[in-house]
Each structure stands twice: as C-alpha cells, then as structure tokens.
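Report on the structure given below.
Just the heavy atoms: all of them, side chains too, but no hydrogens, waters or symmetry mates, feed the values below.
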Amino acid sequence: MKRIINSIFALCCTLPALSFATPVTLTTLNWPPFYAEELENGGFISVIVEEAFKASGYESNIEFTTWQNALDTVKTGKKDAIVGGYFSEERAKTYHYSSPIYTVLTGIIKKDDFPLNLYTSFEMLDEYKIGKLDQGLIGVNFDAFPFSKLTGYTEISDGLKALNSGEIDLYADSLAVAKHAAAKAGMDPASLQLVQPPVDQNDLYLLISKAIPNGEVLRDAFNSGLIQIQSNGTYDKILADYKQN
C-alpha cells in the first residue's frame with residue numbers, strides 16, 4: 001500500500017510540469033497597435049493571451065508572420081493557435097474559437113482628399129476599387145457582399161501603398177491598424193480617415209487548431225485563464241499599462 005501511495009504521489013508531482021514541458025505555440029500577423037513583434041512584449045493582446053494561459057498553468061510563445069501563413073500553419077497543426085482572429089462560420093470548421101479577448105472597430109478608410117465621406121449601402125461602395133488584407137475579415141455583411149472590384153493584399157502596407165498611389169480608392173480595416181502601418185511605410189497617418197458609418201465591431205478571438213489532439217483542452221484552459229485574469233484585475237491592468245505607452 002505504501003508503495004502504491006508513493007507512486008501516486010510521484011505521478012501527481014509530475015503533472016503540473018507536463019503543461020510547461022511543451023509551450024503552446026502561437027502565431028499571427030503584425031497588426032499594431034494590438035499585436036506585433038515591434039511592440040513591447042508583442043503588444044497588449046499578446047500579453048493578455050500569455051497571461052491567460054499562464055493562469056491555467058501553460059507557457060506560450062508567439063511567432064509573427066503573414067496572415068496566410070498563420071492560417072495555414074494552425075490549420076495543419078504545425079502551430080497550436082492564432083492570436084486575434086475574427087469569427088466566421090467557415091473558419092469555425094477549422095478552428096476552435098475561444099471566448100472573446102477584445103473588440104475592434106473596422107471600417108472603410110480613405111485618403112483625406114478623396115471625395116467620399118458617407119456611404120449608405122454596399123452597392124454604393126461597389127462603385128469604388130477597394131483593398132483589404134488577403135484572407136482577412138471585415139464584417140459579416142461586408143464579407144458576404146459580392147464586391148466586383150475588391151483586391152486582397154498579402155501585407156497591410158501593400159494595400160496602403162496602393163491606396164496612396166491611387167491604385168485603389170478605399171481600404172477596409174481597423175483605422176488604428178492602418179495608421180500604424182502608414183507611419184511605418186512613410187505615409188502621413190493623419191491623411192487617413194474613416195468613411196462613415198463604420199462597417200462593424202468585431203471581437204478578437206484565439207483560434208485553436210482542430211488538427212491537434214488537445215485543441216479543445218487548450219481552448220478550455222485559455223477560457224478559464226481569461227476569466228481568472230479578468231476577475232483578479234490583471235486584464236484591466238494590462239489595458240491601462242499599454243494605453244499609457
């Protein structure tokens with residue numbers, strides 16, 4: 001009996017270490033000011049994700065890449081999860097969705113000298129050449145509309161350069177993200193404006209691969225950790241700290 005008890009005790013002592021043996025592998029695109037390799041600790045969304053996993057006993061690391069590569073590597077299980085994706089029914093076939101992490105406003109972006117301040121329908125927008133991130137989502141109704149002159153770009157900076165040169169008339173994304181990308185590309189961020197009204201308000205999620213055997217376990221662990229850091233004040237502290245920087 002003593003030998004059995006000692007064996008059970010030894011097993012229990014090793015269990016917490018198992019979650020740290022193989023860190024959760026995360027990936028996403030550079031999408032400042034929300035997350036990017038150039039930002040402190042990868043940006044506040046990256047910190048929230050890291051702290052949520054840590055609260056559930058998991059270590060994690062993140063690799064920044066193109067959006068298409070992030071989608072592909074997590075789809076096949078080469079990486080465990082994508083940080084910061086929007087929801088779609090199509091994506092839900094491939095990825096387990098976490099609880100919402102943060103909410104972002106998306107819209108139609110123009111240069112300040114472009115003669116369009118208000119749109120009343122997507123049919124009206126379809127008169128213009130619009131760009132967006134390739135494989136990126138903007139809003140449920142926007143994404144479902146069959147735009148005839150919609151171009152996807154591999155990098156956000158490529159889309160903004162096309163907007164700046166007149167190759168496209170409008171660009172769809174978060175204005176905050178577009179302004180950061182514009183500054184990095186040598187454009188004047190103040191020259192970018194949002195055409196009213198905004199397109200949608202989207203939640204950001206963690207997208208966990210359905211190709212890995214512990215996908216649902218990771219999702220539940222992350223959700224549990226997110227609740228913990230929201231309850232104990234860590235979440236709000238992260239937002240406050242990073243909004244000051």
Side-chain angles (χ1 to χ4, degrees), residues 26-50 62-71 82-86 101-119 125 128-139 142-143 149-205 237-245:
L26 307 171
T27 186
T28 192
L29 80 165
N30 285 297
W31 209 57
F34 302 104
Y35 39 87
E37 55 192 337
E38 69 202 53
L39 300 176
E40 182 182 358
N41 298 319
F44 72 92
I45 296 295
S46 301
V47 176
I48 288 171
V49 170
E50 180 183 7
I62 186 168
E63 178 183 81
F64 292 94
T65 182
T66 64
W67 185 239
Q68 184 63 63
N69 190 54
L71 291 170
I82 299 168
V83 173
Y86 296 156
I101 303 169
Y102 192 74
T103 302
V104 174
L105 194 68
T106 55
I108 304 301
I109 299 161
K110 66 159 195 166
K111 291 187 67 179
D112 55 6
D113 59 353
F114 191 77
L116 178 67
N117 297 313
L118 178 73
Y119 72 95
L125 286 179
Y128 303 99
K129 293 176 288 183
I130 305 174
K132 72 178 190 69
L133 182 68
D134 192 30
Q135 300 302 311
L137 301 178
I138 305 302
F142 181 96
D143 297 328
K149 293 174 279 190
L150 184 65
T151 302
Y153 293 90
T154 303
E155 300 283 355
I156 296 167
S157 58
D158 294 333
L160 291 175
K161 288 174 184 176
L163 180 67
N164 195 44
S165 68
E167 179 183 325
I168 57 175
D169 304 311
L170 304 165
Y171 187 77
D173 208 324
S174 156
L175 182 60
V177 170
K179 283 180 176 289
H180 267 259
K184 194 171 181 180
M187 296 170 56
D188 179 11
S191 69
L192 300 180
Q193 296 180 356
L194 200 64
V195 180
Q196 296 298 323
V199 171
D200 213 340
Q201 186 168 280
N202 292 297
D203 289 328
L204 293 176
Y205 298 87
K237 187 177 186 304
I238 292 169
L239 294 184
D241 288 346
Y242 280 79
K243 283 185 178 180
Q244 290 175 2
N245 294 338

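- Aromatic ring centres of Phe44 and Tyr35: separated by at least 6.0 Å.
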Test log, rule salt bridge (Lys or Arg N to Asp or Glu O under 4.0 Å), inputs Lys161 and Glu167: CA-CA 8 Å; Lys161 288 174 184 176; Glu167 179 183 325; over 6 Å; no

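- Here the straight-line distance linking atom CG of Leu194 with atom CG of Leu170 works out to 10.5 Å at 0.5 Å rounding.
- Checked by atom type and distance alone, the side chain of Lys179 pairs as donor or acceptor with a backbone atom of Pro189 at under 3.5 Å.
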Ile48/Tyr242 under side chain to side chain contact (heavy atoms under 4.5 Å, CB included): CA gap, chis, key distance, verdict: CA-CA 11 Å; Ile48 288 171; Tyr242 280 79; over 6 Å; no

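- Residues Leu71 and Gln135 have side chains in contact (heavy-atom distance under 4.5 Å, counting atoms from C-beta outward).
- The salt bridge (charged side-chain N to carboxylate O under 4.0 Å, His left out) search around Glu155 returns none, not counting sequence neighbours.
- Contact of the Ile130 side chain with the Ile168 side chain is not registered, since no non-hydrogen atoms from C-beta on lie closer than 4.5 Å.
- Remark: Trp67 engages no residue in a ring-ring contact (aromatic ring centres under 6.0 Å, His included) (not counting sequence neighbours).
- In this structure a side-chain-to-backbone donor-acceptor pair under 3.5 Å is present from Asp169 to Lys129.
- Between Phe114 and Tyr128, the ring centre distance stays below 6.0 Å.
- Using the six-membered ring where Trp is involved, Tyr102 and Phe34 have ring planes that are tilted, between 30° and 60° apart.
- Using a 4.5 Å heavy-atom cutoff, the side chains of Asn117 and Val195 are not in contact.
- Here Lys132 contributes atom NZ and Ile156 contributes atom CD1; the two are 11.5 Å apart, rounded to the nearest 0.5 Å.
- Using a 4.5 Å cut-off on side-chain heavy atoms (C-beta onward), Val104 and Leu204 make contact.
- Atom CD of Gln201 is surrounded by 12 or fewer heavy atoms from other residues, nucleotides or ligands within 6.0 Å.
- Checking side-chain atoms of Lys110 against main-chain N and O of Leu116 turns up a donor-acceptor pair under 3.5 Å.
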Verdict with reasoning, Val49 to Ile101, per side chain to side chain contact (heavy atoms under 4.5 Å, CB included): CA-CA 8 Å; Val49 170; Ile101 303 169; 4.0 Å; yes

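- For the pair Leu26/Glu63, no side-chain contact is recorded, criterion being any heavy-atom separation below 4.5 Å from C-beta on.
- Checking Asn30 against Glu38 by side-chain atom types alone, no donor-acceptor pair falls below 3.5 Å.
- With contacts defined as side-chain heavy-atom distances shorter than 4.5 Å, the pair Ser46/Asn41 does not qualify.
- Checked by atom type and distance alone, the side chain of Asp143 pairs as donor or acceptor with a backbone atom of Ile138 at under 3.5 Å.
- Between Ala36 and Trp31, the shortest heavy-atom contact is CB-N, 4.0 Å.
- Side chains of Thr106 and Asp200: no donor on one and acceptor on the other come within 3.5 Å.
- Considering OG1 of Thr66 and CG of Leu133, their distance stands at 9.0 Å, rounded to 0.5 Å.
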Side chain to side chain contact (heavy atoms under 4.5 Å, CB included) assessment of Thr103 paired with Asn202: CA-CA 6 Å; Thr103 302; Asn202 292 297; over 6 Å; no

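- For the residue pair Leu160 and Ala182, the shortest heavy atom distance occurs at CD1-N, 3.6 Å.
- Shortest non-hydrogen contact noted between Tyr153 and Ala162 is OH-CB, 3.3 Å.
- The line from OH of Tyr171 to CD1 of Ile109 is 7.5 Å long, rounded to the nearest 0.5 Å.
- Atoms OG1 and CG, from Thr151 and Asp134 in turn, are 10.0 Å apart once rounded to the nearest 0.5 Å.
- A distance of 11.0 Å separates CD of Glu37 from OG1 of Thr28, quoted to the nearest 0.5 Å.
- With a 4.5 Å cut-off on side-chain heavy atoms, Lys111 and Leu163 count as touching.
- Inter-residue side-chain proximity for Val83 and Ile62 is flagged as met; some heavy-atom pair is nearer than 4.5 Å.
- Legend: residues meeting side-chain contact (heavy atoms from CB on, under 4.5 Å) with Ser191, ordered by chain and number and at least two apart, are Asp112, Asp188.
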Full working for side chain to side chain contact (heavy atoms under 4.5 Å, CB included) between Leu29 and Thr65: CA-CA 5 Å; Leu29 80 165; Thr65 182; over 6 Å; no

